[in-house]
Amino acid sequence: MLPGQNKVGIVETNKHSLYMKGMETKKQSVLGAGAYEPKAVEQGIYSSWEKSGYFNPDNLPTEKDAKAYVVYMPLPNVTGSLHMGHALDNTFQDITVRYHRMRGRKVLWLPGTDHAGIATQYVVEKELRKQGISRFEIGREKFIEKVWEWKTEYGGRILEQLRRLGCSADWSRTRFTMDPAYAKDVQKAFIHYYERGWLYRGYRTVNWCTRCATSLSELELEYKDEETNLWHIKYSDEVTVATTRPETMLGDTAIAVNPHDERYQKLVGKKVTLPITGREIPIVADEAIDPKFGTGMVKVTPAHDVLDFEIGERHKLPMIVVIDGRGKMTKEAGAYEGMKSADARAAVVEELTKQGRIVKVEPYPHRVSVCYRCGSSIEPTPSAQWFLSMRELAKLAMDAVHSKKVAIHPERFEKPYFDWLGNIRDWTVSRQIWWGHRIPVYFCKNKADDEKSFVVAETAPKKCPHCGTCEMEQAPDVLDTWFSSALWPFAGLSESDKEKYYPGHTLITARDILNLWVARMIYSGLEFMGTAPFKNVLIHGTIMTKEGKRMSKSLGTGIDPMKYIEEYGADVARFAVVWQATGQDIRWDETAVVGGRKFTNKIWNAAKFVLGQIEEGAMFPVAAGALDAERFSPADKAVVESLSKLKKSVAHDIETFEFAKALREFYDFFWHEFCDGYLEASKAQLANITDAPRTRAILMHVLYESLVVLHPFMPFITEAIFDKLPKKTNALLLIEQWK
RNA sequence: GGGCGUUUAGCUCAGUGGUAGAGCGUCACAUUGACAUUGUGAAGGUCGCAGGUUCAAUCCCUGCAACGCCCACCA
């Protein structure tokens with residue numbers, strides 16, 4: 001029973017009221033006299049849903065041949081807490097999931113969390129640092145223990161928040177990407193790729209975060225604008241290069257020019273002396289050089305620039321490492337050893353200036369790459385890493401979308417998808433952090449220097465095939481977090497579920513992880529399961545501040561959806577989000593929350609009115625025959641027809657992912673046609689003895705159908721009202737069938 | 001350098017080849033009435049700018065501008 005509710009309350013007689021005539025003995029609405037109070041009922045309703053077991057498709061009272069409808073939840077990071085993006089994303093998912101459950105499908109919404117390697121390690125390291133502990137002091141094993149502790153304590157928070165939002169995911173199947181069964185699939189995938197010859201080890205210049213001390217893939221980089229200089233440095237009378245990074249010249253092993261650049265063709269094959277170090281380096285010709293930029297001559301530092309590394313490979317240039325993995329100058333940097341690279345830059349410029357070699361300094365706006373997790377600058381650094389060849393996998397992913405086996409909505413997002421896959425480079429999948437899936441690779445201890453003395457296997461071989469004596473040692477690297485999340489649609493399922501609940505139907509997410517995650521799930525599904533993991537990808541808008549700025553916790557521009565849930569209830573938060581989510585990016589507007597609040601009030605009061613009119617013994621839903629269409633008044637006819645049109649339209653909208661449109665249509669119907677129009681008209685009809693029974697039936701009919709149609713959007717208030725309807729069974733609106 | 005998106009009422013946004021719409025806000029009136037978290041009504045828009053197609057353009061085409069986002073191995 002709701003607070004403020006009064007089961008025995010009697011409606012006061014009202015002599016001035018026409019429609020109340022003859023109804024003095026009617027009971028007050030079972031919804032009581034008070035306003036709707038979401039805070040008082042939402043948690044209770046949610047737990048009755050959970051207790052019912054109907055979030056689990058295996059418990060649904062579906063027809064034998066009911067088709068499965070599966071949605072894989074985009075994995076929130078264990079470090080995360082609910083933000084507006086999650087609220088939008090998960091409300092959309094919940095709408096589709098609740099809708100299809102009501103349409104009789106066997107619905108599974110699979111939830112889980114991602115171990116989020118770098119992000120989580122970063123958070124826990126920060127926690128430890130507060131206690132004055134560095135991860136190196138306590139060592140790998142102990143550190144990982146700490147992360148697990150942290151995960152146990154905080155990792156479930158976001159899932160709790162999703163419950164508060166009303167998400168009807170099957171929590172009994174919740175997976176964490178480092179659960180043993182999941183880890184098994186990750187290992188298998190690694191070994192599978194290795195056996196196919198697509199996964200290989202290489203020593204290359206890769207993107208390296210100097211703070212996290214690990215490699216990163218290109219999708220894990222972010223960019224920051226920086227004002228720097230383009231220094232023109234004269235190496236000799238004939239050779240002047242332009243660079244933004246003078247300190248790396250200490251590691252130069254060539255000068256490159258475009259082969260068609262007539263100015264410099266005669267220099268190709270000659271040598272030049274590198275200032276400061278005095279080393280002689282060759283001048284080579286390479287197509288990658290743009291003759292129009294700078295002087296048309298480029299210093300080549302294969303160890304500290306990804307493009308230069310490739311030039312180096314083509315011309316078999318040596319690599320000289322002058323900056324280490326922590327961003328400090330190495331022994332190779334001579335006098336600059338031990339300096340931070342930024343300081344070395346200043347020192348090198350100073351020295352070159354002294355030597356009169358700086359011939360020009362131009363201010364140069366530049367974009368530098370930074371780590372997407374910690375924001376530290378990226379230092380390209382050579383290291384031994386594992387790479388996944390993307391040629392075949394990218395083809396699988398492209399074909400799936402070209403053939404429309406996977407449809408991306410809106411279609412324009414196909415372009416960035418194809419652009420990325422079409423120009424893809426091999427994926428650096430190894431990371432030098434501790435928190436994550438350790439790669440299933442074992443090295444021979446006795447031939448530690450031999451890059452080829454390893455075995456790829458699920459467990460350490462009993463006997464080392466390389467030396468025959470050692471116990472092999474597992475490689476220290478872990479996998480890129482996205483390597484494991486790419487497997488989510490099947491690795492998140494038990495073996496028997498893989499048969500029943502793969503593939504899914506629609507993946508709903510924001511555009512920022514289209515390639516990082518969605519593309520990788522598509523080819524992983526195709527490679528390992530033989531089918532794409534879903535038929536549709538829905539990319540929704542991004543929620544920004546009202547000023548059009550990105551919502552970000554660190555900038556203090558974020559708005560916490562929990563605030564609205566706590567203050568006005570989940571339905572209002574969901575309403576506000578969906579109301580605004582028309583497809584474009586959203587500039588968050590508080591007035592949508594106001595609208596939602598007013599709307600819940602409207603629904604509650606309309607229901608109160610209808611329930612106050614029904615007679616003893618009346619039952620929901622109304623039998624079709626009771627509607628007596630023959631005798632419909634124009635108002636009756638209008639509302640019944642509108643409702644039936646609305647129902648079709650909302651169903652269509654949900655199936656085509658037009659959630660905002662659906663909600664607005666419902667809003668217009670319910671508020672204006674039903675409340676402003678029919679409810680008012682009904683008052684006169686109820687006062688007339690011949691019209692009253694039919695009118696009551698229509699009121700009941702419209703209320704019932706409205707609850708059904710609105711439930712996917714605003715599940716709590718609709719369930720709260722449904723609960724009070726006199727009806728034959730005690731079933732939940734959650735599984736009421738939308739017919 | 002390339003691509004994409006947006007530009008409509010005071011604010012946030014829908015929308016359509018033929019009198020321009022919503023939410024919120026504003027103003028007036030209504031108050032024992034399911035609901036004042038309300039009702040009725042009103043004010044408020046050369047639909048970014050310039051061309052073009054058309055009988056007709058806010059909508060289609062071209063160009064421009066502003067804002068935003070993404071991609072790129074021009075150092």
Side-chain angles (χ1 to χ4, degrees), chain A residues 11-12 14-20 28-29 31 33-36 205 218-219 223 230-232 241-246 248-249 255-256 258 286 288-301 304-311 364 366-367 369 380 410 412-413 415-416 419-420 423 425 511-512 514-515 541-542 544 546-550 568 572 575-576 579-613 658 660-661 663-665 667-668 671-672 675-676 679-680 682-683 699 703:
Chain A
V11 173
E12 290 173 41
N14 181 347
K15 295 179 184 80
H16 310 287
S17 168
L18 182 66
Y19 82 93
M20 292 297 258
Q28 182 185 327
S29 160
L31 296 184
Y36 177 56
T205 299
E218 88 280 7
L219 292 182
Y223 300 93
L230 193 58
W231 284 275
H232 292 243
V241 298
T243 182
T244 54
R245 302 199 56 195
T248 62
M249 68 165 286
I255 296 292
N258 189 289
D286 197 283
I289 308 306
D290 178 359
K292 291 189 285 294
F293 186 89
T295 60
M297 290 183 142
V298 178
K299 58 188 276 309
V300 182
T301 324
H304 298 293
D305 185 286
V306 176
L307 174 63
D308 289 5
F309 173 80
E310 286 170 13
I311 295 174
Y364 189 69
H366 193 225
R367 286 214 309 176
S369 28
R412 69 183 139 89
F413 287 110
K415 194 172 160 39
D419 283 353
W420 181 67
N423 301 308
R425 302 165 149 219
R511 74 174 94 79
D512 52 347
L514 177 62
N515 292 327
T542 302
M544 297 178 304
K546 191 161 184 187
E547 290 70 41
K549 294 264 186 315
R550 237 198 152 72
Y568 310 117
V572 170
F575 177 97
W579 183 261
Q580 298 184 71
T582 54
Q584 297 304 325
D585 284 352
I586 297 155
R587 294 179 171 218
W588 182 256
D589 183 3
E590 291 267 342
T591 68
V593 178
V594 176
R597 235 167 61 216
K598 291 183 174 182
F599 192 44
T600 53
N601 178 64
K602 195 69 178 175
I603 295 163
W604 186 254
N605 283 296
K608 204 152 73 177
F609 174 81
V610 173
L611 292 173
Q613 310 310 318
E658 303 245 42
K661 182 163 172 267
L663 180 60
R664 286 165 188 241
E665 278 166 0
Y667 180 99
D668 284 342
W671 196 308
H672 301 300
C675 293
D676 294 346
L679 238 53
E680 293 307 319
S682 77
K683 291 173 183 176
L699 286 170
L703 175 63

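The structure displayed is predicted, hence computed values, not measured ones. Within every chain, numbering begins at 1; the chains are lettered A, B, ... in the order of the sequence lines, protein sequences first and strands thereafter.
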> Which is it for A:N601 and A:Y36 under the side chain to side chain contact (heavy atoms under 4.5 Å, CB included) test, yes or no, and what are the steps along the way?
Replying inline: CA-CA 7 Å; A:N601 178 64; A:Y36 177 56; over 6 Å; no
> Do A:V298 and A:F293 pass the side chain to side chain contact (heavy atoms under 4.5 Å, CB included) test, and can you show the C-alpha distance, the side-chain angles, and the key distance before you say yes or no?
Replying inline: CA-CA 9 Å; A:V298 178; A:F293 186 89; over 6 Å; no
> Considering only B:rC71, B:rA75, B:rG25, which nucleotide approaches the side chain of A:R367 most closely?
Replying inline: B:rC71
> Starting at the 5' end of RNA chain B, which residue's closest nucleotide do you reach first, A:E658 or A:F599?
Replying inline: A:E658
> Base, sugar-phosphate alone, or nothing: which one does A:V306 contact when heavy atoms must sit under 4.0 Å apart?
Replying inline: nothing
>> Under 4.0 Å, counting only non-hydrogen atoms across every strand here, what does A:W420 touch: a base, just sugar-phosphate, or nothing?
In response: nothing
>> Rounded to whole Å, how long is the line connecting atom CZ of A:F293 with atom C1' of B:rC74?
In response: 5 Å
Each nucleotide N or O in nucleotides 66-70 of chain B that has a protein N or O under 3.5 Å away: list the pair and distance.
none

> Looking at the side chain of A:L307, which of B:rC35, B:rC73, B:rG23 is the nearest nucleotide?
Replying inline: B:rC73
> Rounding to the closest angstrom, what is the interatomic distance between B:rG48 and B:rC13 at atom P?
Replying inline: 15 Å
> Does A:T244 place a side-chain N or O at less than 4.0 Å from the phosphate oxygens OP1/OP2 of B:rA75?
Replying inline: no
>> Under 4.0 Å, heavy atoms only, any strand: does A:A592 hit a base, just the sugar-phosphate, or nothing?
In response: nothing
> If the C1' atom of B:rA57 is compared with that of B:rU19, how far apart are they to the nearest Å?
Replying inline: 15 Å
> With respect to the phosphate group of B:rC35, does any side-chain polar atom (N or O) of A:W671 fall under 4.0 Å of OP1 or OP2?
Replying inline: no
> Out of curiosity, A:Q584 CD to A:M544 CE, how far, rounded to the nearest 0.5 Å?
Replying inline: 10.0 Å
>> From C-beta outward on A:T591, which listed nucleotide comes closest to its side chain: B:rC24, B:rC11, B:rA75?
In response: B:rC24
> Among all residues two or more places apart in sequence or in another chain, which pass the ring-ring contact (aromatic ring centres under 6.0 Å, His included) test with A:H672?
Replying inline: none
>> Under 4.0 Å, heavy atoms only, any strand: does A:H232 hit a base, just the sugar-phosphate, or nothing?
In response: nothing
>> Using the P atom as the point on both nucleotides, what is the distance between B:rG23 and B:rU6, in whole Å?
In response: 24 Å
>> Rounding to an integer number of Å, can you tell me how far A:W579 CH2 sits from B:rG21 P?
In response: 16 Å
> Atom CG of A:N515 and atom P of B:rC71: how far apart are they, to the nearest Å?
Replying inline: 9 Å
> Would you say a side-chain N or O of A:K608 is under 4.0 Å from OP1 or OP2 of B:rG33?
Replying inline: no
> Expressed in whole Å, how much space separates the P atoms belonging to B:rC59 and B:rG51?
Replying inline: 14 Å
> Can you tell me how far C1' in B:rG15 sits from the matching atom in B:rG21, rounded to whole Å?
Replying inline: 7 Å
> Roughly how far apart are A:I603 CD1 and A:L703 CG, rounded to 0.5 Å?
Replying inline: 10.0 Å
> Between A:T301 and A:T248, which heavy-atom pair has the shortest distance, and what is it?
Replying inline: CG2-O, 3.3 Å
> Should A:D585 and A:R511 count as side-chain neighbours, where that means a heavy-atom distance under 4.5 Å?
Replying inline: yes
>> In whole Å, I'd like the distance from the CG atom of A:D290 to the P atom of B:rG1.
In response: 13 Å
> Mind checking the P distance from B:rA30 to B:rG68? Whole angstroms is fine.
Replying inline: 48 Å
> Atom CG of A:D589 to atom C1' of B:rC11: distance rounded to whole Å?
Replying inline: 7 Å
> For A:Q613 and B:rC35, what is the distance between atoms CD and P respectively, to the nearest whole Å?
Replying inline: 12 Å
> Does RNA chain B take part in any stems of at least 3 consecutive Watson-Crick or G-U pairs (both distances under 3.5 Å), and if so, which ones?
Replying inline: B:1-7 with B:65-71, B:10-13 with B:21-24, B:26-30 with B:38-42, B:48-52 with B:60-64
>> Tell me whether A:K299 is salt-bridged to A:D305, with the criterion being a basic N under 4.0 Å from an acidic carboxylate O.
In response: no
> So what does A:D676 touch, heavy atoms closer than 4.0 Å: a base, only the sugar-phosphate, or nothing?
Replying inline: sugar-phosphate
> How close do A:A660 and A:A581 get, heavy atom to heavy atom, and via which atoms?
Replying inline: CB-O, 3.4 Å
> Side chain of A:K598: nearest nucleotide among B:rA75, B:rA72, B:rG25?
Replying inline: B:rG25
>> Is there a side-chain contact between A:W420 and A:L514 in this structure, where contact means two heavy atoms from C-beta onward sitting under 4.5 Å apart?
In response: no
> Of A:E310 and A:G595, whose closest RNA chain B nucleotide lies nearer the 5' terminus?
Replying inline: A:G595
> Among B:rC24, B:rC35, B:rC13, which nucleotide sits nearest the side chain of A:T582?
Replying inline: B:rC13
> Going by heavy atoms in the side chains, are A:V593 and A:W588 under 4.5 Å from each other?
Replying inline: yes
>> Under 4.0 Å from OP1 or OP2 of B:rG39: is there any side-chain N or O of A:K602 that close?
In response: yes
>> I need the CZ-C1' distance between A:R245 and B:rC74, as an integer number of Å.
In response: 16 Å
>> Give me each pair satisfying salt bridge (charged side-chain N to carboxylate O under 4.0 Å, His left out) with a member in residues 595-604 of chain A, each pair once, sequence neighbours excluded.
In response: none
Are any protein N/O atoms closer than 3.5 Å to N/O atoms in nucleotides 4-8 of chain B? If there are, list each pair with its distance.
{"unit_1": "B:rG5", "atom_1": "O2'", "unit_2": "A:Q584", "atom_2": "OE1", "d": "3.0"}
{"unit_1": "B:rU6", "atom_1": "OP1", "unit_2": "A:Q584", "atom_2": "NE2", "d": "3.4"}

> Counting any heavy atom closer than 4.0 Å, what does A:K292 reach on the DNA or RNA strands: base, sugar-phosphate only, or nothing?
Replying inline: nothing
>> What's A:I311 touching, base or sugar-phosphate or nothing? Going by heavy atoms closer than 4.0 Å.
In response: nothing
> Within the structure shown, what part of the strands sits under 4.0 Å from A:Y364 by heavy-atom distance: base, sugar-phosphate, or nothing?
Replying inline: sugar-phosphate
> Roughly how many Å is it from CD in A:Q580 to P in B:rC24, rounded to a whole number?
Replying inline: 13 Å
>> Less than 4.0 angstrom from a charged side-chain N to a carboxylate O is my criterion; do A:K415 and A:D419 meet it?
In response: yes
> Are any of A:H672's side-chain N or O atoms less than 4.0 Å away from OP1 or OP2 of B:rG39?
Replying inline: no
>> My understanding is that only residues two or more places apart in sequence, or in another chain, count here; which of them pass ring-ring contact (aromatic ring centres under 6.0 Å, His included) with A:W231?
In response: none
> Measuring from A:F599:CZ to A:L663:CG, what's the distance to the nearest 0.5 Å?
Replying inline: 7.0 Å
>> Between B:rC71 and B:rA9, how many Å separate the two C1' atoms, rounded to a whole number?
In response: 37 Å
> Looking only at atom P, what distance separates B:rC61 and B:rG17, rounded to whole Å?
Replying inline: 13 Å
